Each structure stands twice: as C-alpha cells, then as structure tokens.
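All heavy atoms count here, side chains included; hydrogens, waters and symmetry mates do not. Please read all numbers here as calculations on a predicted model, not as lab measurements.
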Amino acid sequence: MLPLTLYFFIVIVAIQLFYYLLVFGKFAFAKAQKSESNRIPISVIVCAKNEAKNVAKYIPLLAQQDYPDFEIILIDDASSDDTLDIFEAFEKQYSNIRLVKVENNEAFWGNKKYALTLGIKAARKDYLLFIDADCYPASKDWISKMSSQFTTNKTIVLGYGGYEKIPHSFLNKIIRFETLLTAVQYFSWAKIGMPYKGIGRNLGYKKDEFFNVNGFISHIQIRSGDDDLFINQVANKKNTTICFSPESFTLSEPKKTFKSWFTQKRRQVSTTLFYKPFDKIQLGLFYVSQLLFFILAVILLANQYLWIVVLSLIGFRYFFTWIVLGFSAGKLKEKDVMYWFPFIEIVLIFTQLNIFITNLFSKPVHWK
C-alpha cells in the first residue's frame, strides 16, 4: 500500500510542478509591461446597490483620474439607502458623470447583470472599464495604464484588484494570498493564450465584445458571473491581454471576519460550476492536487516510509512554488504574505474544501 502511495505522491508533486513552473511561471517571470498611453475615450462603469458609504468616498477618486477623455457611468440598482442621492449630487458636481437609475424589474429583480446592461448601453465611449462600488484606483493613472493595453486586436484587458493591508491580521494575509493566487492563475492562463476569468473590480473591454454575444443573455439566469462568466465566454488568445503595472491596480477594503469572507468566497466558487469544461477541469485538478499533496505527505511521513525521499519531494515542491509565487507577489505588491506562505496555504486549501462541501448542501446568497 505504501509504495503505491509514494508513487501517487510523486505524480501529485509532478502535477503541482507543472502548474507552478510551466503555467504560473508565464506570469511570474514575465518582463515588466510597457504602457504607452493611446488616450482612447473611456467609459468607467460603476454599479452600486446600497453602497452609500463607499461611493461617497470612492467616486471622487475616480473623477480625479489623470486622463483627457473619460466619462463615469454611475448605475444605481434600486438602492434603498442614500446611494441614489449621493449619485445625483455627483452628477451635478462633475460634468463627466452620468447617472443611470434602475428600478426593480420583476423579470430581472436582484440581478446585477440587468443593471449593468443598462449602464453599458448608456455609455457613449467604445471602450469600457469596470470597477466595483466598494473599490478605488490605486493611483490617478489607473485609466491611463489599463487603457494603454488596448490595441486593435486586444479588446479585453484583465486587471488586478487587491485588498488593503491590515497590520497584525492573519485573516487579512489569507485574503490577500488567496487574491494573489487567483490573479496568478488567470493572468498566467491568459498569457498562455487560454484566458478564462476576469474580475469586476478591475476589468476592461470594448463595447463590441458585449453586443457581439448579446451581453449576458446566455447566463442571465445566473445571479453571479457578470465578470468571470462573461470573460469565460468571450475571451480568447487573440482578443485578451493583461495589465499588471502597480499604477493599474484597484484596492478594496477586505472583510474583517472569517464568516463574511467565507460567505463571499462561497458566491465566487459557485460561479465556477458554469465555466467551460476545460477551465473547470484545470481549476479542479490544481486544487485537488494541492489537497492530495498535504494528505499524502502526512500519511507517508507518519509511517516514516522512505522519509528522506518524501522530505526531498516536499522540499523540492516548496522551493519552486515559493520562487514562482514570490516573483508573482513582487509584481503584485503582495510580498509580505509570502512570509506566511506554508501556513496560509494549508488554511486556504481546507477552507476551500469546506466551501465546496457547504455549497453542495445550500446555495450562497448573491446580489440583492
């Protein structure tokens, strides 16, 4: 039994090295990006539902972007708080802000995709940038850096949306490590030419991409996925690129409790069930290989079976993963999470297993 376990462990280590070196290495060892501004007209899309506190803080930061030709489309999705009042005040204050008011529609009630569709239709520019209502750009050059990656052929730009750092918070490090790993995955597969995901916190695409597939119609019945399901549908090797210069990042305030973060991740994980078959397989294989790596390592070490060989394989795997993720963390300004990498990885893997099991028995709550 133990010899077979060791052989299986070797296979799992090989799978892990395939992902980290051959796939994730595409982003980790990529050269710094050149960003020559092309100054194309941009529509920034912000959809909010009951986000009065956040939009009051963050919309002025968008309005202060250093870019010559952009408008901001503020979408109020039938908010019950002061979001609409704040949006109306901003519309009067800034000449390049336009407001889209969405009323509850019985057919699409509670569906963010319906509200976003109205906002996209209202946009006057051909190129769109998306940012969530609880996010803000990391610099005044966010629009400039993201838009610089658009070309005649590259009509989809995937960006990075990070989280604020909270000193002395282990949960914050878990959240930021998970965000880092997710970004490394979708950036790397995009560089290989097989993009599968984007995030609504920082995403850009040409309006034609939206209308060519009739918008969100193919997955309108799914509450989530206005970002990743859409990109999973339309992105390909020819039309997609990435943007990872630090000035192009967006930031969000992270969850403060494990329960709230767990609920957020349940919603995100549930959406992956609707990805294309290959994308579901490659994501599933990666996470299963992570889980089996730890389980088999514990079994083999507990039985002291060829422990020198097992420890060598463990060390070999950690050496290369640390290098790849370390270079990636440097690009995405998340180096500090790497000091806790082995502990965070174990917590994250078993948290994801818990999320998967929980989602089997109950549906996560989406946009309300």
Side-chain angles (χ1 to χ4, degrees), residues 16-40 42 65-67 127 129-131 137-163 165 176-199 201-206 209 228 231 235-251 279 282-283 286 316-339 341:
Q16 284 276 286
L17 292 178
F18 164 79
Y19 275 98
Y20 279 100
L21 292 178
L22 298 184
V23 179
F24 303 160
K26 291 291 185 179
F27 172 69
F29 306 122
K31 295 180 180 179
Q33 283 187 309
K34 296 180 180 180
S35 55
E36 298 178 2
S37 181
N38 49 26
R39 302 297 182 182
I40 56 176
I42 294 288
Q65 284 289 294
D66 184 14
Y67 199 76
Y127 289 87
L129 285 183
F130 295 83
I131 185 171
S139 77
K140 290 186 177 181
D141 295 319
W142 170 63
I143 296 178
S144 178
K145 295 299 181 179
M146 285 291 288
S147 65
S148 71
Q149 299 306 312
F150 282 119
T151 66
T152 302
N153 296 321
K154 301 298 183 181
T155 53
I156 298 174
V157 180
L158 311 179
Y160 179 65
Y163 287 96
K165 298 179 181 180
R176 290 192 293 115
F177 178 81
E178 190 275 335
T179 304
L180 163 70
L181 183 58
T182 299
V184 170
Q185 289 176 283
Y186 69 75
F187 278 159
S188 298
W189 283 106
K191 285 194 71 67
I192 289 174
M194 305 178 71
Y196 73 91
K197 174 188 173 108
I199 55 168
R201 301 194 304 276
N202 198 0
L203 174 66
Y205 52 80
K206 194 174 182 181
E209 294 287 356
D228 56 345
I231 295 301
N236 57 56
K237 179 179 181 179
K238 294 181 179 179
N239 67 3
T240 304
T241 187
I242 65 176
C243 185
F244 57 89
S245 61
E247 297 85 3
S248 72
F249 298 168
T250 63
L251 294 171
D279 300 321
Q282 66 89 357
L283 284 170
F286 175 68
F316 194 65
R317 184 263 185 186
Y318 269 112
F319 176 75
F320 285 105
T321 53
W322 219 316
I323 288 177
V324 170
L325 290 180
F327 273 94
S328 301
K331 284 183 169 65
L332 300 179
K333 304 302 178 184
E334 304 285 9
K335 278 187 175 181
D336 63 300
V337 301
M338 293 307 299
Y339 298 120
F341 162 55

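- Two residues are said to be in side-chain contact when any heavy atoms from C-beta on lie closer than 4.5 Å; Q149 and Q33 meet this criterion.
- A distance-only check finds no donor-acceptor pair linking the side chain of E247 to the backbone of I143 [under 3.5 Å].
- Within 6.0 Å of NZ on K191 lie no more than 12 heavy atoms contributed by other residues, nucleotides or ligands.
- Ring geometry for F187 against F27 counts as tilted: the plane angle lies between 30° and 60°, on a 0 to 90° scale.
- Q65 places a side-chain N or O within donor-acceptor distance of the main-chain N or O of W142, the cut-off being under 3.5 Å.
- Remark: K154 NZ is packed, more than 12 non-hydrogen atoms of other residues, nucleotides or ligands lying under 6.0 Å away.
- Considering only heavy atoms from C-beta on, I199 comes within 4.5 Å of Y186 through its side chain.
- Atoms OG and CZ, from S144 and R39 in turn, are 4.5 Å apart once rounded to the nearest 0.5 Å.
- Aromatic ring orientation, F24 versus F286: perpendicular (interplanar angle above 60°, classes split at 30° and 60°).
- Interatomic distance, S147 OG to D141 CG, rounded to the nearest 0.5 Å: 10.0 Å.
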- Can K26 and W189 be said to form a side-chain contact (heavy atoms from CB on, under 4.5 Å), step by step? CA-CA 8 Å; K26 291 291 185 179; W189 283 106; over 6 Å; no

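- At distances below 3.5 Å, at least one donor-acceptor pair connects side-chain atoms of K331 with backbone N or O atoms of A28.
- Using a 4.5 Å heavy-atom threshold, the side chains of I40 and K206 count as separate.
- Using a 30° and 60° split on the angle between ring planes, F327 and F29 fall in the perpendicular class, above 60°.
- Inter-residue side-chain proximity for L158 and L203 is flagged as met; some heavy-atom pair is nearer than 4.5 Å.
- N239 is not listed as a side-chain neighbour of Y205, based on a closest heavy-atom distance of 4.5 Å or more.
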- Message: Checking Y163 against R201 for the side-chain contact (heavy atoms from CB on, under 4.5 Å) test, could you report, in this order, the C-alpha distance in whole Å, the side-chain angles of both residues, the deciding distance, and whether it holds?
- Response: CA-CA 11 Å; Y163 287 96; R201 301 194 304 276; 3.6 Å; yes

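- For Y160 and F249, the distance between ring centers is under 6.0 angstrom.
- With a 4.5 Å cut-off on side-chain heavy atoms, Q16 and F320 do not count as touching.
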- Evaluate the criterion salt bridge (charged side-chain N to carboxylate O under 4.0 Å, His left out) for residue pair K197 and D279; output intermediate values, then yes/no. CA-CA 9 Å; K197 174 188 173 108; D279 300 321; over 6 Å; no

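- Contact check for W322 versus M338: side-chain heavy atoms found under the 4.5 Å cut-off.
- Using a 4.5 Å heavy-atom cutoff, the side chains of I131 and P137 are in contact.
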